[in-house]
Trainee: 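Please find one structure pasted underneath; my questions will follow.
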Protein chains: 4
Amino acid sequence: MVEPAGIGRDQLRSIVERIEKLEEERAAIAGDIKEVYAEAKANGFDTKTLRQVVRLRKQDSAERQEQEALLDLYLHALGMIPDENR
Amino acid sequence: MVEPAGIGRDQLRSIVERIEKLEEERAAIAGDIKEVYAEAKANGFDTKTLRQVVRLRKQDSAERQEQEALLDLYLHALGMIPDENR
Amino acid sequence: MVEPAGIGRDQLRSIVERIEKLEEERAAIAGDIKEVYAEAKANGFDTKTLRQVVRLRKQDSAERQEQEALLDLYLHALGMIPDENR
Amino acid sequence: MVEPAGIGRDQLRSIVERIEKLEEERAAIAGDIKEVYAEAKANGFDTKTLRQVVRLRKQDSAERQEQEALLDLYLHALGMIPDENR
DNA sequence: TCGCCTGATAGTTGCC
DNA sequence: GGCAACTATCAGGCGA
């Protein structure tokens with residue numbers, strides 16, 4: 001049964017407000033992250049690479065290797081071996 | 001010149017750690033939001049509708065601002081600058 | 001199971017080529033759009049404003065559709081299904 | 001001088017319509033691309049890897065190696081050498 | 001629960 | 001060369 005019209009009104013308002021509050025907080029943190037990247041950039045770091053590093057640290061190494069292996073497979077099938085020293 | 005290997009080491013570590021800390025916080029908040037939706041659902045609300053309501057409320061204010069921006073642009077294009085602080 | 005090395009070779013090549021062909025076409029159209037803006041600019045129009053107009057026209061129809069969708073959702077949530085083809 | 005209000009009216013309409021027409025075409029092609037990926041997926045290919053392949057083919061290899069070198073530098077500074085056989 | 005799809009986020013490109 | 005718009009990728013939510 002869905003919440004009847006009259007009854008849930010205050011509850012609905014409360015829910016929406018809580019969500020909006022949390023979304024604001026989340027946006028604020030996103031802003032902080034952006035700032036850190038900006039500061040890093042100002043100190044001579046390459047943000048693109050930084051993001052890559054952060055992503056790699058998050059990713060499980062097993063999964064990472066698997067993905068690399070698959071890519072190799074495809075590139076090989078296309079005759080595009082990216083680096084023969086690999 | 002990009003940050004040389006030896007120099008930025010500690011700085012690099014600090015940057016990465018700050019970002020990871022912030023991303024954790026952001027993820028925690030995302031979890032809270034999820035909980036609110038789950039709770040709402042348990043109370044009989046339709047989450048899809050709730051999400052759309054939240055989205056529309058966000059859009060409304062964004063849209064309003066954009067309309068204002070457009071007006072400004074037109075006024076500018078016509079040489080009728082409405083606000084000298086622009 | 002992912003596509004084994006030998007089997008999908010020609011198929012893989014075909015897929016990649018089709019995608020690349022389509023991406024070229026898309027890029028060509030993007031170029032045409034750019035040209036139109038450039039021409040408009042040469043005729044004294046403000047491109048930023050033009051872009052905003054185009055964007056808003058798109059948004060308007062999207063918004064209208066979303067509002068309709070929201071109405072549907074509410075009617076559904078209240079057990080008043082407006083359209084059995086849904 | 002910006003285009004005066006009355007004069008450019010038809011021209012403005014024409015511009016906007018041409019742009020919208022082109023954007024539709026572009027969207028149609030984007031849809032085609034999506035279809036190709038979907039079809040590939042249905043045939044057992046991994047779309048994420050496919051996208052990577054397409055991207056790599058577009059990217060100049062010199063640039064690619066440069067980016068890899070930079071990443072290595074950062075990972076090294078963090079003590080995270082991703083693959084010692086490299 | 002899994003796969004799909006939409007919405008959020010990150011990256012690229014073009015303009016100023 | 002920095003910033004803003006646009007595009008592509010990714011992740012989370014929804015429906016089967």
Side-chain angles (χ1 to χ4, degrees), chain A residues 19 22-23 26-27 29-34 36-38 41-42 44 46-56 58-59 63 67, chain B residues 1 19 22-23 26-27 29-38 40-41 46-56 58-59 62 66 69-70 73, chain C residues 19 22-23 26-27 29-31 33-38 40-41 46-56 58-59 62 65-66 69 73 76 86, chain D residues 19 22-23 26-27 29-31 33-42 44 46-56 58-60 63 67 71:
Chain A
I19 291 168
L22 288 167
E23 291 199 343
R26 187 174 51 171
I29 292 176
D32 292 347
I33 292 173
K34 221 167 153 180
V36 176
Y37 279 113
K41 183 178 193 169
D46 178 68
T47 56
K48 182 177 172 182
T49 305
L50 279 177
R51 284 176 192 279
Q52 222 175 328
V53 168
V54 171
R55 201 181 329 127
L56 283 174
K58 232 184 297 199
Q59 205 178 19
E63 181 189 354
Q67 177 59 25
Chain B
M1 166 68 177
I19 291 169
L22 288 167
E23 290 199 343
R26 187 173 50 170
I29 292 177
D32 292 346
I33 293 173
K34 217 165 153 181
E35 271 180 51
V36 176
Y37 279 112
K41 185 175 193 170
D46 177 68
T47 55
K48 189 172 175 186
T49 305
L50 280 178
R51 284 176 192 279
Q52 204 150 347
V53 168
V54 170
R55 191 174 346 124
L56 282 177
K58 223 185 299 189
Q59 256 188 35
E66 185 153 20
L70 183 60
L73 278 171
Chain C
I19 291 169
L22 288 167
E23 290 199 343
R26 187 174 48 175
I29 292 177
I33 293 174
K34 217 167 155 182
E35 270 181 52
V36 176
Y37 278 113
K41 186 174 191 171
D46 177 68
T47 56
K48 189 172 173 186
T49 305
L50 279 177
R51 283 177 194 278
Q52 205 150 347
V53 168
V54 170
R55 195 175 341 125
L56 281 178
K58 222 182 304 187
Q59 257 187 37
Q65 283 183 251
E66 186 152 22
L73 277 171
H76 254 75
R86 216 188 132 95
Chain D
I19 292 169
L22 287 168
E23 291 200 342
R26 186 173 51 172
I29 292 177
I33 293 174
K34 222 168 152 178
E35 271 180 50
V36 176
Y37 278 113
E39 183 193 321
K41 185 176 192 169
D46 179 69
T47 57
K48 184 174 172 184
T49 306
L50 279 177
R51 284 176 193 280
Q52 221 175 329
V53 168
V54 171
R55 200 182 329 126
L56 284 174
K58 230 182 301 198
Q59 204 178 23
D60 181 65
E63 182 190 352
Q67 177 58 29
L71 177 59

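These values consider heavy atoms only, across backbone and side chains, with no hydrogens, waters or symmetry-generated copies.
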Trainee: Measure OH/D:Tyr37 against C1'/E:dC4 and give the value in whole Å, please.
Mentor: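 Nearest whole value for this atom pair: 17 Å.
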Trainee: Name the nucleic acid region contacted by A:Arg26, choosing base, sugar-phosphate or nothing; use a 4.0 angstrom heavy-atom cut-off, strictly under.
Mentor: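 No contact.
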Trainee: In whole angstrom, what separates D:Gln59's CD from F:dA8's P?
Mentor: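 About 15 Å, once rounded to whole Å.
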Trainee: I would like to know whether D:Gln52 and A:Gln67 meet side chain to side chain donor-acceptor pair (under 3.5 Å); could you show each step before the answer?
Mentor: CA-CA 10 Å; D:Gln52 221 175 329; A:Gln67 177 59 25; 2.7 Å; yes
Trainee: Return a single string for nucleotides 11-16 of chain F, one symbol per nucleotide in 5' to 3' order, where B is base contact, S is sugar-phosphate-only contact and - is none, cutoff 4.0 angstrom on heavy atoms.
Mentor: --SSS-
Trainee: Could you give the distance from CG (B:Leu73) to NZ (C:Lys48), rounded to the nearest 0.5 Å?
Mentor: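 Answer for the CG-NZ pair, B:Leu73 versus C:Lys48, is 5.5 Å.
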Trainee: Just the rounded figure in Å: distance from C1' of E:dT9 to CD of A:Glu23.
Mentor: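 The answer, rounded to whole Å, is 14 Å.
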Trainee: Could you give the CD-to-P distance, from C:Glu66 to E:dG7, as a whole number of Å?
Mentor: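 These atoms are roughly 7 Å apart.
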Trainee: As an exercise, state the distance from CG of B:Leu70 to CZ of C:Arg55, rounded to the nearest 0.5 Å.
Mentor: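 The distance works out to 9.0 Å.
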Trainee: Report the distance from atom CG of D:Leu50 to atom P of F:dC10, rounded to the nearest whole Å.
Mentor: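 Nearest whole value for this atom pair: 13 Å.
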Trainee: Working to the nearest 0.5 angstrom, can you tell me the gap between A:Thr47 OG1 and A:Lys41 NZ?
Mentor: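 Output value for this atom pair is 5.0 Å.
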Trainee: Nearest 0.5 angstrom please: B:Glu23 CD to A:Asp32 CG, how far?
Mentor: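 Going from the CD atom of B:Glu23 to the CG atom of A:Asp32 covers 12.0 Å.
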Trainee: Tell me the interatomic distance from A:Ile19, atom CD1, to E:dG7, atom C1', rounded to whole angstroms.
Mentor: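 To the nearest whole Å, that distance equals 15 Å.
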Trainee: Just how far, in rounded Å, is P of F:dA8 from CD of D:Gln52?
Mentor: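 Computing the D:Gln52:CD to F:dA8:P distance gives 17 Å.
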Trainee: Quick one: CG on C:Leu22 to NZ on D:Lys34, what's the gap to the nearest 0.5 Å?
Mentor: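 Between C:Leu22 CG and D:Lys34 NZ, I get 14.0 Å after rounding to 0.5 Å.
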Trainee: Separation of A:Leu22 atom CG from E:dA8 atom P, in whole Å?
Mentor: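 For the pair A:Leu22 CG and E:dA8 P, the rounded distance is 16 Å.
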